[in-house]
Amino acid sequence: TNEGMLYFYFTQGVALAEVELDTLTGSHTTRRVDIIMDVGKSLNKAIDIGQIEGAFAQGQGWTTTEEFLYFPSSGKLFTQGPGNYKIPSAMDIPRDFRVSLLEGLPYRGLKTIYSSKGIGEPPLFLGSSVFFALRDAVLAARAHSPGVADEVLHLESPATAEILRLACVDEMVELARIPTAQKEGKIPFAVRI
């Protein structure tokens with residue numbers, strides 16, 4: 001009948017990220033992040049904010065560092081543990097991390113426990129704000145490279161340091177390119193899918 005609420009714990013939020021990109025190495029620093037999240041009437045603000053921060057960090061890693069590489073000969077996963085799979089660390093957390101909860105709304109139609117909302121996983125995708133801030137930084141860097149500024153930027157996720165460095169496209173990147181003829185017949189150590 002198209003009436004009622006399909007999801008009682010429907011929640012939403014918004015994030016804004018400020019990043020600093022080293023165009024010579026592709027490494028980046030997340031300088032500041034501002035998040036506003038709708039959690040309904042919070043039962044415990046400290047827990048809710050901690051859940052938002054944790055999910056954001058997980059999402060930031062998912063879009064910037066957690067790269068899956070496979071062996072081309074067997075198709076087996078190469079990046080299987082912290083030894084060769086970069087998960088977010090304390091140094092990846094935004095230097096200035098501001099999280100606030102949306103408050104002051106009546107939530108009249110919300111039929112949940114004390115008008116609360118689920119908050120565990122929804123903020124995960126807010127971590128993509130870092131990916132999109134990095135994309136803007138790469139576009140700004142490319143604006144200084146003749147003949148590249150007008151090209152469409154195809155930036156893959158995760159935006160690792162290697163991918164970011166190559167996306168900046170400058171004279172050093174062009175000098176480092178291996179001609180296609182030299183690549184023929186060579187099997188790479190690991191491949192992206």
Side-chain angles (χ1 to χ4, degrees), residues 1-23 26-68 79 82 85-143 152-161 163-164 167:
T1 63
N2 291 329
E3 292 179 13
M5 273 181 88
L6 181 59
Y7 302 104
F8 287 113
Y9 286 94
F10 177 80
T11 185
Q12 55 194 344
V14 64
L16 178 70
E18 177 186 328
V19 298
E20 185 175 287
L21 173 64
D22 183 340
T23 59
S27 65
H28 73 277
T29 302
T30 306
R31 297 178 54 82
R32 179 175 169 173
V33 169
D34 291 273
I35 296 175
I36 298 175
M37 195 78 196
D38 176 12
V39 299
K41 292 183 180 174
S42 178
L43 301 178
N44 185 320
K45 290 182 182 183
I47 289 176
D48 287 342
I49 289 172
Q51 288 290 312
I52 293 166
E53 291 171 341
F56 178 88
Q58 185 179 1
Q60 178 182 349
W62 175 57
T63 58
T64 61
T65 63
E66 298 176 15
E67 182 176 34
F68 291 103
T79 49
Y85 177 82
K86 188 174 184 312
I87 57 176
S89 70
M91 295 305 294
D92 296 313
I93 303 301
R95 301 297 180 262
D96 186 356
F97 202 173
R98 302 176 189 203
V99 177
S100 59
L101 306 177
L102 186 63
E103 296 179 300
L105 299 176
Y107 299 107
R108 287 185 195 96
L110 197 59
K111 296 176 182 169
T112 59
I113 299 170
Y114 297 111
S115 298
S116 65
K117 293 186 177 187
I119 197 60
E121 289 82 15
L124 180 127
F125 195 68
L126 296 179
S128 67
S129 62
V130 174
F131 173 84
F132 292 111
L134 288 167
R135 185 180 186 280
D136 288 344
V138 168
L139 285 170
R142 288 168 66 115
V152 174
L153 172 60
H154 176 75
L155 187 62
E156 295 182 8
S157 178
T160 62
I163 289 172
L164 290 168

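Worth knowing before you read on, the calculation uses all heavy atoms, side chains too, and leaves out hydrogens, waters and symmetry mates.
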Show, in sequence, the C-alpha distance, side-chain angles and deciding distance for L101 and I52, and conclude whether the side chain to side chain contact (heavy atoms under 4.5 Å, CB included) test is met. CA-CA 10 Å; L101 306 177; I52 293 166; 3.6 Å; yes

Any chance you could lay out the side chain to side chain contact (heavy atoms under 4.5 Å, CB included) test for M37 and V99, step after step, and finish with the verdict? CA-CA 8 Å; M37 195 78 196; V99 177; 5.6 Å; no

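Counted within 6.0 Å of CD1 on I36, heavy atoms from surrounding residues, nucleotides or ligands total 12 or fewer; the atom is thus considered open.
Looking at L155 and L164, their side chains come closer than 4.5 Å, going by heavy atoms from C-beta outward. Considering only heavy atoms from C-beta on, E66 comes within 4.5 Å of P88 through its side chain. Within the 4.5 Å cutoff, the side chain of E67 has heavy atoms near those of the P158 side chain.
Of all heavy-atom pairs spanning K86 and T65, the tightest one is O-OG1, 3.0 Å. Of all the heavy atoms in I163 and E156, the pair that sits closest is CG2-O, 4.2 Å. Scanning both residues, A167 and V138, for their nearest heavy atoms gives O-CG1, 3.6 Å. Closest approach of G13 to L126, counting heavy atoms only: O-CD2, 3.8 Å. Between A15 and I35, the closest heavy-atom pair is CB-CG1, 3.9 Å.
Every residue was checked against the salt bridge (Lys or Arg N to Asp or Glu O under 4.0 Å) condition with R95, not counting sequence neighbours, and none meets it. Residues passing the salt bridge (Lys or Arg N to Asp or Glu O under 4.0 Å) test with D136, sequence neighbours excluded: none. Legend: residues meeting salt bridge (Lys or Arg N to Asp or Glu O under 4.0 Å) with R135, ordered by chain and number and at least two apart, are absent. With sequence neighbours excluded, the residues that form a side-chain contact (heavy atoms from CB on, under 4.5 Å) with S27 are D22, T25.
Identified under the salt bridge (Lys or Arg N to Asp or Glu O under 4.0 Å) test for residues 51-61, with sequence neighbours left out: none.
Considering CD of E18 and CZ of R31, their distance stands at 5.5 Å, rounded to 0.5 Å. With rounding to the nearest 0.5 Å, the separation of CG in D34 from CG in D96 is 7.0 Å.
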Donor-acceptor pairs are to be reported for all side-chain atoms of residues 54-63 against protein atoms at under 3.5 Å, with residues two or more places apart or in another chain.
unit_1 : atom_1 : unit_2 : atom_2 : d
Q60    : NE2    : T30    : OG1    : 3.0
Q60    : NE2    : D92    : O      : 2.9
T63    : OG1    : G59    : O      : 3.1
T63    : OG1    : Q60    : O      : 3.3

